[in-house]
Amino acid sequence: MLIFFFVCLLFLTANSGASGETLNPAAGAFMQWSSASIERLADSRVKLILALESSSPGVLLGNPVVFYRLTRLEHFNETTAPEGAGIHSLSWERSTAGLKIVIFSGEYGRASIFARVEIGGRLHYAQTAFNLYGGSGAGAFPEPNRLPQAPDWPEFLVSSDGPLYWPQTGQEFTLKIERSGGTSAKNLAVWDNGRQVAEVKPGAAGFRYRPEHDPILDRAGDLASKPLVFVVHSGDGDSVAFTLFVHRSRRAGWNLSAGLWVFAAGALVSGMLAWLTRRKFGICA
Amino acid sequence: MRLTSLRFLVQHLGFIVLMYGGRFGVNLGPALPCFACPYVVGCGGHCYLMGLQGYIGFGLSWTALSGFDGWRVLIWFLIFAGSVVLLGKAWCGWLCPFGLVHDWLSALRRRLGWREALIAASTMVRLGWIKYGLLAYLILVPPLVTVGWLHPDFKLPFCNICPAKPLLPLLAGQPQYLSLDCTNAVTLGFTALSLLIAGGMLVGMFLKDRFFCLFCPLLALIRLLKPLTALRLVKTPQLCHGCGTCRRVCPMDIEEVYQEQEQTDVQAGTCLNCGRCLESCPVDGALHFNWFGRRLFSSSRRLALRLVGKKL
C-alpha cells in the first residue's frame, strides 16, 4: 500500500524535460554545434545527427568544409590512436537549424567532428566530439571519402577529471589548443545558451573550466544535455570553438547522511511493526 | 558431503564470481536469473530485471525493437530462459548473491538465539501476490517512459526501489547508494522510497528466512518458466511418513511438499531448491532432486539423523 502511494506520488510530481532557448545575437561571431541526436539503426550502426550554426542568427553559412575523425575505442575512454583512426570528409545539407551533418558508426568509436566556415573573409572553426557505440561491426568505419590525413586546422584537446564519454556539470574540463595559430595566448570564452558565462585565462595545463549545475538539466532526465561552447578568438577575427554537450551531474545531488536517516527510519518502522504484530505463545499445561 | 555444505560452498563461490568477477575479467552478461546487481562496480554479471526494463526489454521503442535491438532482446531472453531451464530455482537457492545475504542474516539470528518470525499461511499467500504486482510494474512503466508519458527518471522503475541496490554495493565498498538523490522530485521520491524499503527489508530479512524472496519479481518471472525447468524436487508419496519435517525447515514455508500424497512432482512455484527439506527428511528416497530425469540427491535417514544429532 505504502509503495503504491509513493509510486502514485512520483507519477504526480513527474516533471517535463528541459526546454530549448533561443540564441541572442552576440558580438564576436563563432560557429557552434547546436543540437545533436543519436539513434541506433536496424543494422546496429548508430547515426549521429548534428546541426552547425553561427552564434549570430541570420548569418548565411557559405561553403563549409567538414570532416571527422573516428577513433576506435577499446574501453569507454581508451583509444587506439593513431592506427585505429580514420579521417573522413563529410557532406552536409541546409536545414532550418543551420547545416545538418550525419555520421554513422558501426563500432565503438569516438567521433571528433571538425568544420570550417568562411564568413566575411574570416575563418571560423567548430569542433565537437561524441562516443558512438555501434554494434556488431556492421558498416564499420565507412571507407568512402577517406582522407589521407587530417587538415591542418586548429584542434581542441579535451580532458576531464570525470568520464569524458559522459560529460557532466560539476566536472572539471581542461582544454588545450593545438595548431592554434596564435590563439592559445588568448582567453577562452564559455558560452551557454547564447550567453557568455565565463572567461578563462590560459594556465600551464591549458584552460580549466568547471560548468555549474543547471536546474533545467537537473529537472530533465539524465539523457538530456545542453551545448557549452568554448571559444577563442584571434586578434584578426578568426575563431576556434569547441562545443561540449554536458549532461546533468549524476552524483551532485546525492546526500549520504540524509539517506542513512531514511534507511534507519525504514528499519525502525519495520522493526516496530514486527514487534507490535508478534504473537506470544504460552506453554500449554 | 552434506547438501548444506555443498550449497554453502557453491553459494560463496557464486557470490565471489557474481559480485567481484568483473574485476578479474568475468562477464556473464546481462541476463542472469538472480540478483547480481549491476550497480556493484566490478560485478561478474547483471540481474535480468535491469535489462528487461531497459536496453534489452521494455525500455526500447517500437523502432528499435523492429531492428537490431529486437534481436538482442530475443537473444538475451533466450539466454535467460535457457539458464532457468538448466538450473531452475537453484539460481535462487544456490547462486543468488542477495539470497546469500539473507542466509547470512538468518544464520546471525540463529546464532543470537532469536526464533524465526512466523507468518500465517494465508498472509504468506497474500504477500506472494506482491511479486506479480512488481513484475507488472517493471514491465508496464518503461514503455510509458519511452513514449514520453512519464518523466525519464522513471526508467528502471524496479531498480529504483529494489532493496538490493543500496545493500549489495555496500559489500563492494560502495556506500553511495544509501544516499538520497536530491537532483529532482522524482529522484528524491524514488531514493526515499528505496531506502525505506531497504531498511525495512533488512529487518525483515533478519527476522524471517528469505523474506525478500516473498516479493521477488525475478522469482515470479522464473516461475512462469517452471514447467520447462530441468531441476525438480520429486517426492515418493508411498514412502512419506508425514512427519512434517520438510514443512518446518522450509525457508519459504511451503506446504505442498508435505501435503502432496499422490503426485510425485512437488516442485512448488516459490521453492528455491535449497534442499533443506530433502536433507532433513528422515526417510530413505522419499524426496530427491531430479535433473533432466536423473536423480541427483536423495533423502537419507542416516544423513537426517546425523543432522539432528548435530543440532542436539
Side-chain angles (χ1 to χ4, degrees), chain A residues 2-17 39-46 134-136 138 213 215 217-224 248-275 277-279 281, chain B residues 60-61 63-64 66-72 117-120 130 133-134 137 141 144-145 148-155 157 160-161 163 166-167 175-204 206-208 215:
Chain A
L2 190 68
I3 296 173
F4 179 73
F5 171 74
F6 268 100
V7 170
C8 288
L9 192 70
L10 290 176
F11 273 82
L12 290 173
T13 55
N15 215 329
S16 61
E39 61 180 273
R40 185 179 292 280
L41 303 177
D43 64 359
S44 88
R45 288 183 303 166
V46 288
S136 297
H213 300 298
L217 273 185
D218 287 346
R219 283 197 295 273
D222 61 354
L223 293 179
R248 78 177 187 205
S249 174
R250 277 186 170 156
R251 297 190 176 187
W254 290 11
N255 188 331
L256 183 58
S257 53
L260 288 172
W261 280 111
V262 176
F263 180 77
L268 190 68
V269 169
S270 175
M272 282 175 67
L273 267 175
W275 178 257
T277 55
R278 79 196 190 285
R279 281 188 195 167
F281 293 95
Chain B
L60 291 168
S61 63
T63 320
S66 60
F68 173 76
D69 284 329
W71 288 106
R72 283 206 316 167
L118 295 174
I119 301 176
I130 292 177
L134 286 172
Y137 162 70
V141 171
L144 300 180
V145 178
W149 291 4
L150 278 179
H151 189 275
D153 285 324
F154 274 89
K155 72 172 185 181
N160 284 341
I161 57 168
L167 295 176
Q176 63 264 35
Y177 290 106
L178 285 168
S179 306
L180 266 186
D181 186 351
C182 307
T183 304
N184 61 43
V186 180
T187 58
L188 181 64
F190 267 129
T191 46
L193 182 59
S194 160
L195 291 167
L196 281 172
I197 291 174
M201 202 54 75
L202 192 67
V203 172
F206 176 76
L207 294 175
K208 173 90 186 81
F215 313 105

>> Between Lys208(B) and chain A, with a heavy-atom cut-off of 4.5 Å, which part of the residue counts as in contact: side chain, backbone, both or neither?
In response: neither
>> Quick check on Ala198(B) against chain A: is it the side chain, the backbone, both or neither that has a heavy atom closer than 4.5 Å?
In response: both
> Hey, does Trp261(A) have a side-chain heavy atom less than 4.5 Å from the side chain of Leu180(B)?
Replying inline: no
>> Side chains of Trp275(A) and Val203(B), heavy atoms from C-beta outward: is any pair under 4.5 Å?
In response: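 No - every pair of side-chain heavy atoms lies 4.5 Å or more apart.
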>> Test of understanding: with salt bridge (Lys or Arg N to Asp or Glu O under 4.0 Å), list the residues that count as partners of Asp181(B), not counting sequence neighbours.
In response: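 In terms of salt bridge (Lys or Arg N to Asp or Glu O under 4.0 Å), with neighbours along the sequence ignored, Asp181(B) is linked to no residue.
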>> Nearest 0.5 angstrom please: Arg40(A) CZ to Leu60(B) CG, how far?
In response: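 Atom-to-atom, Arg40(A):CZ and Leu60(B):CG are 9.5 Å apart.
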> At what distance, to the nearest 0.5 angstrom, does CG of Leu273(A) lie from CG of Leu207(B)?
Replying inline: 11.0 Å
Segment of [X] engaging chain B (4.5 angstrom heavy-atom cut-off):
X: Ala258(A); value: both
X: Val269(A); value: neither
X: Leu41(A); value: backbone

> What's the shortest heavy-atom distance between Gly204(B) and Ser270(A), and which atoms?
Replying inline: N-OG, 4.2 Å
> Which atom pair, heavy atoms only, marks the closest approach of Asn255(A) to Cys182(B)?
Replying inline: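 Looks like CB-SG, 4.4 Å.
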> Quick one: does Asn184(B)'s side chain have a donor or acceptor within less than 3.5 Å of a partner on Asp218(A)'s backbone?
Replying inline: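 It does hold such a pair.
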> With Phe263(A), which of Leu196(B), Ile197(B), Leu202(B) fulfils side-chain contact (heavy atoms from CB on, under 4.5 Å)?
Replying inline: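 Exactly one option meets the side-chain contact (heavy atoms from CB on, under 4.5 Å) with Phe263(A), and it is Leu202(B).
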